[in-house]
Each structure stands twice: as C-alpha cells, then as structure tokens.
Number of protein chains: 4
Amino acid sequence: MRKQPSQARSRATVDAIIQAGARILADRGWAGFTTNGVADVAGVSIGSLYQYFPDKLSLVEAIRRHHFDEVLAVMRGTRKGERSLSQQVEALVQGMIEAHSVNADLHRVLLDEVPGHDGSSRRAHDAFLAEYQDHYKAFVASYGNSDGSSNAEIVAQLLSGAVEGVIHSAARKGILSSPELKQELILMICAYLRRPDF
Amino acid sequence: MRKQPSQARSRATVDAIIQAGARILADRGWAGFTTNGVADVAGVSIGSLYQYFPDKLSLVEAIRRHHFDEVLAVMRGTRKGERSLSQQVEALVQGMIEAHSVNADLHRVLLDEVPGHDGSSRRAHDAFLAEYQDHYKAFVASYGNSDGSSNAEIVAQLLSGAVEGVIHSAARKGILSSPELKQELILMICAYLRRPDF
Amino acid sequence: MRKQPSQARSRATVDAIIQAGARILADRGWAGFTTNGVADVAGVSIGSLYQYFPDKLSLVEAIRRHHFDEVLAVMRGTRKGERSLSQQVEALVQGMIEAHSVNADLHRVLLDEVPGHDGSSRRAHDAFLAEYQDHYKAFVASYGNSDGSSNAEIVAQLLSGAVEGVIHSAARKGILSSPELKQELILMICAYLRRPDF
Amino acid sequence: MRKQPSQARSRATVDAIIQAGARILADRGWAGFTTNGVADVAGVSIGSLYQYFPDKLSLVEAIRRHHFDEVLAVMRGTRKGERSLSQQVEALVQGMIEAHSVNADLHRVLLDEVPGHDGSSRRAHDAFLAEYQDHYKAFVASYGNSDGSSNAEIVAQLLSGAVEGVIHSAARKGILSSPELKQELILMICAYLRRPDF
DNA sequence: GATGAATGAGGATTCATTCAT
DNA sequence: GATGAATGAATCCTCATTCAT
C-alpha cells in the first residue's frame, strides 16, 4: 500500500475499495476487473484508489490478503478433538465446505485467474497455501497411525486435492449444500483412511 | 465460424490459426491471447483470421472444441473390460491422467481463465462436460452393485470431482507423473467402492 | 520502430506523424508533446501512431534522427577549401547559422528538454554530437598551425561553445540574420586564431 | 503569491517550500517537479503549499526569483577596477563562471526546461536578462574605446552569447573548472577586443 | 481470397487543485 | 493556519475489429 490511512474517513475509503474490488473480481472475473470499475462501485474517485494502492496488482493483493484471512479464520475455527475417525473427518469436510462458502467465486478467481504474484505478494500467497496444506497434514498426523510417516505428505496432498475438487465441482453445479454429497465424501475419506493396508 | 473452408489451402489456414491460438493460450493465458498475436504466430494476416472467425470468442470456441475432442478421444481410448475392481480403477485413473496430459496448460486455461461461454458455445462446453461425467457414470454403473441406483449420480459426481481435483492440484505442483500419488488415488477409490455399507 | 511501413500509404502515415511530432515539439515543447496531440495534428488515429512507434520515446527518437540528418546535411554542405583565414571562418559561421536555421526551436527542445536518451537512442545522439564537434576539430586542424596539437581539442571546444552560444542567443532575440553580429563573430574568431602567442 | 507570510513560522514554511522546490527542480527537472512532491520534501502538507502559492507556476516563479537574485548577487560581487584589459576580462569570465556555479543544474532547468513565462513572470525574467546584459554593456563601455558606440550593443550581445555558450557547454561536459578552457576564453576575448580594426 | 493499414473505445495511472475537518 | 483526503481531467498505450487495395 502506498499510504497508511490514518483518519477514519480514509480507512472507510480503503475498506470500500477492497469490498468493491472483491465484489467485482467475484462477479466479473479478472478480465472484468478494472480500476475505474472498482472506484465506481466503491463510490470513490479513481484518484482516491491510487492514493492508497500504487497499482492494480497491489489492490488485488490487498483483496487476496483480506480474503485469505477470512478463509483461514473459518478453517481455524473448525472444532477439534473429536473422538471417532468419522467425527474427525466430518469436522474436516464441514470446515472446508464452510471455508469454501466464504465467497467461493472470489476464491476461484484469486486462485485461477489472477496472474503472476511476484515478490512480496508471492510470499503472502504461499503462506496461505502452506497453512492450507498444514491443515491437512495436521489432520493426517492426528490420525496418527504408525506406518512410515514419509507417506503423510502424499496423503495430505491427495486429501486436499480430492476434497478441494469435490467441493469445487459441487460449487460449480450449485450443490455445495447437498447433504448426500457431503456424506459420500466423508465416507470416501473414512474408507480410505481405514483401508487394511494403511 | 463465418465461413466453411472448402479448399485445402483454406483448411490449412484455419488449422494454423487454431494451432497458434492453442499455443498462445497455453503459453500466455487468456490475458495474453490477442487476435493479432494469433495471426502473427499462425503466419497469416489479421484479415484472414477474421475471414474465418467472426470474433475472438468464436476462435476460442473452435480451440476449445478442438481440444475437447482430443481429450475425449484419449478418454474413450481407455481400455475397458478389466476384471478386478482395482484394475478397472487403475484404467480409469490412468485414462484421466493421460487426458489431462494432453496439453495440460491449455486445458487449465480453457477451464479456469476463459470467460463466460454464452449461447452456442455453452452447448459445446456442456456437451463435453456431459460426456465427461458420463464416463464416470458408466464406470460406476459397470461396477454394477444392486443398491439404490439413485446414488449413482452422486457417486459419479463425487468421483469425478475427486479425481479431477487430485489431478488438477498435482498438475499445478508438477507431480502429475508421481506413481505414489497415482497409487494412493487408486487405493482411495477402491476403498470407497468396496466399503461394507455400500 | 515497431513495424516497417511497406506500402506507400503507411509510409505517408509515418511521415505525417514525424512531421506533426516535430511541429508540436517545436511549438509546445516537451511538456506539450502528447501522443494524442501528435496523432491529431498528423490527421491519423492514435492507434496508427502506436502501430509504428512502440512508445512516445521511440517517436521522439525518430524525430531526432530526422532532424539531425537535416542539420548534418546542411553542415556538410558548407563549402570548403577557402583560401584566407577569414574566408574559412566566414564559411564556418555561415554554415552554423544555416544549420541552426533549420527548425531552431525543434533543435533547442531536442537538446535541452527531451529527457534521458537511453540505450540505442543515446548512440544516435552521441553520433550527432561527435560529428558536430568533428566539424570544429576539422576546422581547427585545417588551420594547421604547428603548435602543440594537444590544444586542438580545447580550441575546438571553445569555438563550438562560443559560436553555438552566440547563435543561440541571437536566435532567441530574433536577430539571427543580423549581418553585423555575424561580422563581429567572424572578427572574434579571426582575432583569436591570429593572436601572436598561438 | 497568494498571501504574505507575516509570522516567522510562515516565513519558514515558505522558505522550506522554495528550497525543496529548487532541490527537486535541479535534481529531477521540470518533468519531475510536482507540487505534491515539493510539499513532501519540504515537510509540509500540500494544503499549506497552496496557502502560499496559488498554483504551480507561481511557485516556480518564486524559485526563479530566488535563484536569479543569488546569481546577480554573485555577478555584482565581481571585483571591478582592474588595470589591464586581460585582468578585466579575467574578472568578467571568473565572475560568470562563479555565477554559473551557483546551483548550475537549477539554472539550466530554469532557463531550458521550465515553460512559457507569461504575464508578471515574464517581467521578472526580463529584468534578470536585462541586468545580465547590462553587466556586459558596462564592461564593454568601461573598456571605453572611442569608435562608433552603436557597436557597443552588438559587442555586448556577442560577448554575452559567447561567454554564456562556452560556460554552458563546459558545464554540460563537466569541465567547468578547467583552467585551460578558461584561459583560452580569456585569450579569445582579449584578442577580439584588441584587434587592430576595432 | 488475402493483406495489413487504420480505427477508436477502453483501461491504467498521474498530478494539480479543492475543501471538510 | 494547517492538514491530508478526495477529486477528475488528462495522458499513455492496447487490442478487437473494419475495410480499401
């Protein structure tokens, strides 16, 4: 950011810009994301936008940080310490569904469309992905079986990919809230983690 | 398309344009995809491009159709009629991996970046997704268990989402060819399909 | 330049752009030199301008090359081989006045206002200045006195600065064509070159 | 100026703004001279700047007046009353070099880059140039030869142009302090003023 | 049919200036 | 008096598309 907003008024402006930017990114995608459009929707002048964000990318970075914080907050809020495996899995799946329900369109655009995060922005993005993966690794670890832990990485990768994919495609079809799908996903994960040769 | 290429030369021109477009889309993404750029790489004039494609979207549609045809051809080529469940699953997974290896970058851009398919293009895209899902439905059906068939739809949805997600995230990390991941994915699907309460 | 104009029409366009640019630069200075303004005056669209010049600086470079070529052509046209010193000096002074009469405003703006010529443009500019100085060095050398030639450099520097300055300030006052001033300038140079201790 | 600074604090503010403006003008040229930038460097708010200067041009005028005052002060300080011609000429040249050494970059920018002095600013600028020329006229007059005094004007014009030009070009080449060049310049002027036919 | 010159709406960004606090 | 948030006209540049040759 170019300038720290010190007065209340400017903080409100910055917030309005970020909200409007998130809205436009979610609704129109990266190609439809124009700084003039953001300023318009935010109800501020284009000059005000550039007073706080040196360029388009730094704005999208701010939006990204904002969104990731929310998503991570939801994920961290997932209740822990369940007894049975299926309860643990249900908590995980439920948490991811909720996390994905936080502005799912924005999430997709941020991950898929927004181009080259270079430099400092890369770190923020990687930090998010790292914590994201850690969520799965922690889960796999907590399941605590005694086999070669070298597998944990792969298993976490598999689980995150599968859960992500199922939720993603369900979101696209508008059936994210389907209880049957959720139930089947839970069953699949449980079956996988319980398989005899694990 | 504006015009059907009737002569051999015209067909060669159209092919060159589609190839060049696919190349650019894969290499530079949707944001780097310009009609002038495509014409340049194709070695034809911008006027010729517009002789065959009325606008940018119709060009990207042609590219999409072209690519989806290839992908479906690979998927259809997956060997069928295996005996054991795990052999069938392995065939499925292997087929999907191969399908995703057909110009994976182009695939990702077409699915993630290229914006709103409206009108006729929508149909083509949906037809692809339908056949894609049918592949899974056929697989689930062929596993042929006798329980409530109302579940088949959900199970296909789950499987396609999970497989897609795992392959997608692996592709992003450049580990699409990891045998361990593939093995775990097969294990997960087998475990799921074999679960006692199915 | 971004593109070589191959057809006659495009060559005319490029010429019109360069002429208009030179005009605007001379009339309004670097600060008043806008690409849209140039396109307007040239009677072409802004798009055409950018078809041939990748950016504002490359346009100003083309203008510079064009102008320097003209100036050097005039300087080279100065008749050589005079007998007496004062005839030689008169030829020199006359040549410089004529060279400076070639779009004097443009000359001033190009030398004084146009910012940082980096890279390849630098070379063109330096080449001009070098030939410019060479003109003086050749003159000093041709005067052929036998004293330490290590002075030739300094003398050339002095002469070019003095002649340039006189012509420059005369141009500003609109008295470039004053015969008296020219005569005095010739006298000064002759007196200097004839001084006893030279 | 919009307002006369009456209190000490105000005067300090105005001074800071002028200093900062001169600094920026010298360092970054006219193109890099922005009111917000000046306010920043001066350590005052942009609002304060506009409290004292109604617009950008009035600020640059103040800077110009300030600088010209300094230069004239240096020129006036040149010691007078030397005996021999060459001593007088040396004093003149030395004075001009010193005057040009007072913030040479700022001087160049003010003379070459800053655009159109209209209205009241024109007067200030002309007053400076007049006094500048007067310096030379006084010098020519003091040399007091008895020939047609109608020449004095021309001779002053020639001398100021030549001295200015030599110093200017030397400054550009970074050899303003070269004693040889200075010596040659003095020689040239002496030779000119001593020429038999004067 | 093919060419490529020309077009101009649209989008990112700057900066002089105003005005509420 | 001072502050700095807000403004928006102006500028550079891109790229989809048209059309004369």
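Lettering follows sequence order; numbering is per chain, from 1.
Atoms CG (A/L59) and P (E/dG11) sit 16 Å apart, rounded to a whole Å. The CZ-P distance, from B/R11 to E/dG1, rounds to 12 Å in whole Å. Note: CG (D/D40) to P (E/dC15) measures 12 Å, nearest angstrom.
Heavy-atom distances under 4.0 Å link DNA chain E to C/I46, C/G47, C/S48, C/Q51, C/Y52 of residues 46-56 of chain C, given in residue order. Contacts between residues 20-39 of chain A and DNA chain E, defined by a heavy-atom separation below 4.0 Å, involve A/F33, A/T34, A/T35, A/N36, listed by number.
With sequence neighbours excluded, no residue forms a side chain to side chain donor-acceptor pair (under 3.5 Å) with C/R65. C/R23 pairs by the salt bridge (charged side-chain N to carboxylate O under 4.0 Å, His left out) definition with C/D27, not counting sequence neighbours. Partners of A/F128 according to the ring pair (Phe, Tyr, Trp, His ring centres under 6.0 Å) rule, which considers only residues two or more places apart in sequence or in another chain, are A/F68, A/Y132. Remark: D/D69 pairs with no residue by the side chain to side chain donor-acceptor pair (under 3.5 Å) rule, at least two apart or across chains. Looking at residues two or more places apart in sequence or on another chain, you find a side chain to side chain donor-acceptor pair (under 3.5 Å) between C/E113 and C/R108. With sequence neighbours left out, the side-chain contact (heavy atoms from CB on, under 4.5 Å) criterion links B/E70 to B/H66, B/V102. In this structure B/S45 satisfies the side chain to side chain donor-acceptor pair (under 3.5 Å) test together with B/S48, sequence neighbours excluded.
Taking a pair as Watson-Crick or G-U with both hydrogen-bonding distances under 3.5 Å, the stems of three or more pairs touching DNA chain F are E:2-21 with F:2-21.
Nucleotides of DNA chain E nearest to A/R9 and C/R9 differ in position, and the one nearer the 5' end is that of C/R9.
Backbone-only engagement by A/R2 is indicated by non-hydrogen atom pairs under 4.0 Å involving sugar-phosphate atoms exclusively.
We find that B/R172 and A/D112 are joined by a salt bridge, their nearest charged nitrogen and carboxylate oxygen being less than 4.0 Å apart.
Sorted pairs that involve residues 37-53 of chain C and meet salt bridge (charged side-chain N to carboxylate O under 4.0 Å, His left out), not counting sequence neighbours, are lacking altogether. Residues in residues 3-22 of chain C take part in no ring pair (Phe, Tyr, Trp, His ring centres under 6.0 Å) pair, two or more places apart or across chains.
Comparing atom distances between the C/S45 side chain and each of E/dA2, E/dG8, E/dA5 picks out E/dG8 as nearest. The side chain of B/T13 lies closest to E/dA2 when the candidates are E/dA2, F/dA5, E/dT7.
Two residues are said to be in side-chain contact when any heavy atoms from C-beta on lie closer than 4.5 Å; C/L59 and C/F33 meet this criterion.
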